[in-house]
Every structure is written in structure tokens, then in C-alpha cells.
Amino acid sequence: MRVATWNVNSLNARMPRFVAWLKEAEPDVVCIQETKLKQDAFPYLELELLGYESAHFGQGQWNGVAVISKVGLKDPIMGIEGGRPESEEARAITVDCNGVGIMSIYVPNGRAVDSDHYRYKLRWLASLRRHLDEHFKPTDKLIVAGDFNIAPEDKDVWSPEALLGSTHVSEPEREALRELKGWGLVDSFRHFYDQDGLYTWWDHRGGAFHKRQGLRIDYLLVTEPLETLLNWALVDRNARKGERPSDHAPVIIDFSMP
DNA sequence: ATGGTAGAGGATCTA
């Protein structure tokens, strides 16, 4: 089973590349972030023709998360606030794909350390952990995938010095991520790779991609029963090249289902 | 030197 996560930064703008990438990467499940689409504007039919069922938690101008699956998709839960999705931003959706719990999440950016939005980011991460407690056990097969907007360690950023005092690298954010992992999740990419210089996001501005100035802020956290089944993981940097790329590259994992 | 680009939407806001 092959599961990917990709912040597409507008599915409308990315659809031509997204469809081409599906045919090339052949994922069974994709966790999408930043669809920037209203609930009913999701391209359900076009993706169905490619063999995917879809569940979308849309908002419109901003945010929006979805899961698409070739291996079954049921029991969607919109949001993490306990059944009142109309009162929260469209940043999380939970589904079951072939007996594997799948979450597509888009963690708030944080904007500036100690801002209201930064405090919202930390609260949101605490809510996510409560959502896990409510719906899953660490012994379940579960993948929490998406744009976390946190670089876990200094080796996940191109220059810790340049980013000193910024969001994405602050200690409270990293501590909140460790708390989440402490529930019973491991970073599937780090299961295979230990080195620095491996990123998933590069700013559109200033030619950051070509200067290798990136951050690793997109990942797939998995429970132990899935970690033992992992075959490989990669960042698809090719998707960040060429015409009209998202500022994020997809991350893909592959594991053997018993 | 607080720059630069992309997307949504139709002036700025978000990232």
C-alpha cells in the first residue's frame, strides 16, 4: 500500500500536474492539503475516473484538506473538534482506508512567534492529540500525514541561523510535535534517512528551491504496527520542478499489508 | 536593503 501527502497550494491551480503525478507515482492513497476549494467544488468525478474515491473537508479561499483512495474509503470525520466542523477551519479530515486510519492535516502556520496565530497553532496541536485519544489507539494502524508547519530538528532546515526566532523551528512548536509523537507515532521518513539537507518545502520567493533553501515540514507519522511494515519512503523533488509547481513536494511511503 | 512569488479574488490576505 502506497500512501502520499502533498500540500498542493490550490488543487484548482495544480490539477493538471496533480493528475499527471497520480499516473506516475501510482499512490493508493493521497492526503491533500490546501485544496482552497469549497466543499462541493472538489473534483470528485475527475478523480473517480482515475479510480479514486474522495473525502473532502473544504472551506473555500483558504485551507481545505482531503483524502483520495483506490483501496476503499469510509467513515469520514471532518475536523478535530468533536463533530462541529462548521465552527472550525478546514484543517483535518480522518478516514478509514482498507483498515488503516488515515488523517490529512494542515497545521496552522503560526505566522510569528508569540502571535495570536502562533498560540492557535499550539492549541490546535493539543486538540489533534485529543482527537487521536478519542478515535484511535497506538496499537491501531494509523497514519497522520500532512503539512505540519514544524521542522522537527535543526537538520530539517537549510540554515538554523537564518531561521532563528522564526516559527516552524521554535522550541514550543517542536515540543508540541514531540508530545504528539509521544502518543505513539514515528516519522516514517526518518525511519529510513538520518541525514540533513532533505526538505519538502521551498519558498516560491527568491529562487529558494534552486538555492536548496528548504524545510522538512511535511511528513507521514505512523503507529508502530505500520512502522514494522514499511518498505521505503521518499520526497518527490521532481514535483517541485518545472511549470507552476506547488511550493511543497509530495512525500510517499510504501508498506506491505499482511 | 523587510526584498521576493504564488494563489484567491477582485483590495488585500495568506503563506
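Just so it is clear: chains get the letters A, B, ... in the order the sequence lines come, proteins before strands, and each one is counted from 1.
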> Within this structure, what is the OH-to-P distance between Y120(A) and dT14(B), rounded to whole angstrom?
Replying inline: 12 Å
>> Between P on dA8(B) and CD on Q59(A), what's the gap in Å once rounded to a whole number?
In response: 14 Å
>> With heavy-atom distances below 4.5 Å as the criterion, would you say the side chains of H248(A) and I217(A) are in contact?
In response: yes
> Within this structure, what is the CG-to-C1' distance between N109(A) and dG7(B), rounded to whole angstrom?
Replying inline: 15 Å
>> Rounding to an integer number of angstrom, what distance separates dG4(B) and dA8(B) when you compare their P atoms?
In response: 22 Å
>> Nearest to the side chain of R205(A), heavy atoms from C-beta on, is which of dG7(B), dG4(B), dG9(B)?
In response: dG4(B)
>> Quick check: W202(A) with W158(A) (ring centres under 6.0 Å apart)?
In response: no
> Quick one: on DNA chain B, does H117(A) or G206(A) contact a more 5' nucleotide (nearest heavy atom)?
Replying inline: G206(A)
> What is the distance, rounded to the nearest whole Å, between atom CD of E34(A) and atom C1' of dA8(B)?
Replying inline: 11 Å
> Under a 4.5 Å cut-off applied to non-hydrogen side-chain atoms, are L221(A) and I143(A) in contact?
Replying inline: no
>> For the P atoms, the ones on dG3(B) and on dG9(B), what distance do you get once it is rounded to whole angstrom?
In response: 26 Å
>> I need the CG-P distance between N149(A) and dT14(B), as an integer number of Å.
In response: 14 Å
>> Could you check whether R91(A) makes a cation-pi contact with Y106(A), meaning its NZ or CZ is under 6.0 Å from the centre of the six-membered ring and within 45° of the ring axis?
In response: yes
> How close or far is atom C1' of dA15(B) from atom CH2 of W202(A), stated in whole angstroms?
Replying inline: 16 Å
>> Rounded to whole Å, please give me the gap between CG in N12(A) and P in dA6(B).
In response: 18 Å
> Which nucleotide in the set dC13(B), dA15(B), dG9(B) lies at the smallest distance from any side-chain heavy atom of W62(A)?
Replying inline: dC13(B)
> Looking at the side chain of Q61(A), which of dG9(B), dA15(B), dG7(B) is the nearest nucleotide?
Replying inline: dG9(B)
>> For a quick test of reading the model: is some side-chain N or O of R111(A) closer than 4.0 Å to OP1 or OP2 of dT14(B)?
In response: yes
>> Rounding to an integer number of Å, can you tell me how far W201(A) CH2 sits from dT5(B) C1'?
In response: 11 Å
> Once the angle between the rings of H117(A) and Y120(A) is folded into 0 to 90°, is it parallel (under 30°), tilted (30 to 60°) or perpendicular (over 60°)?
Replying inline: perpendicular
> Toward the 5' end of DNA chain B, which comes first, H204(A) or D147(A), by nearest nucleotide?
Replying inline: H204(A)
> So does R244(A) get a side-chain nitrogen or oxygen closer than 4.0 Å to the phosphate oxygens (OP1/OP2) of dG7(B)?
Replying inline: yes
>> Using a 4.0 Å heavy-atom cut-off, does F209(A) contact any base of the nucleic acid, only the sugar-phosphate backbone, or nothing at all?
In response: nothing
>> Please report the distance separating the C1' of dA15(B) from the corresponding atom of dT2(B), rounded so that it comes out in whole Å.
In response: 16 Å
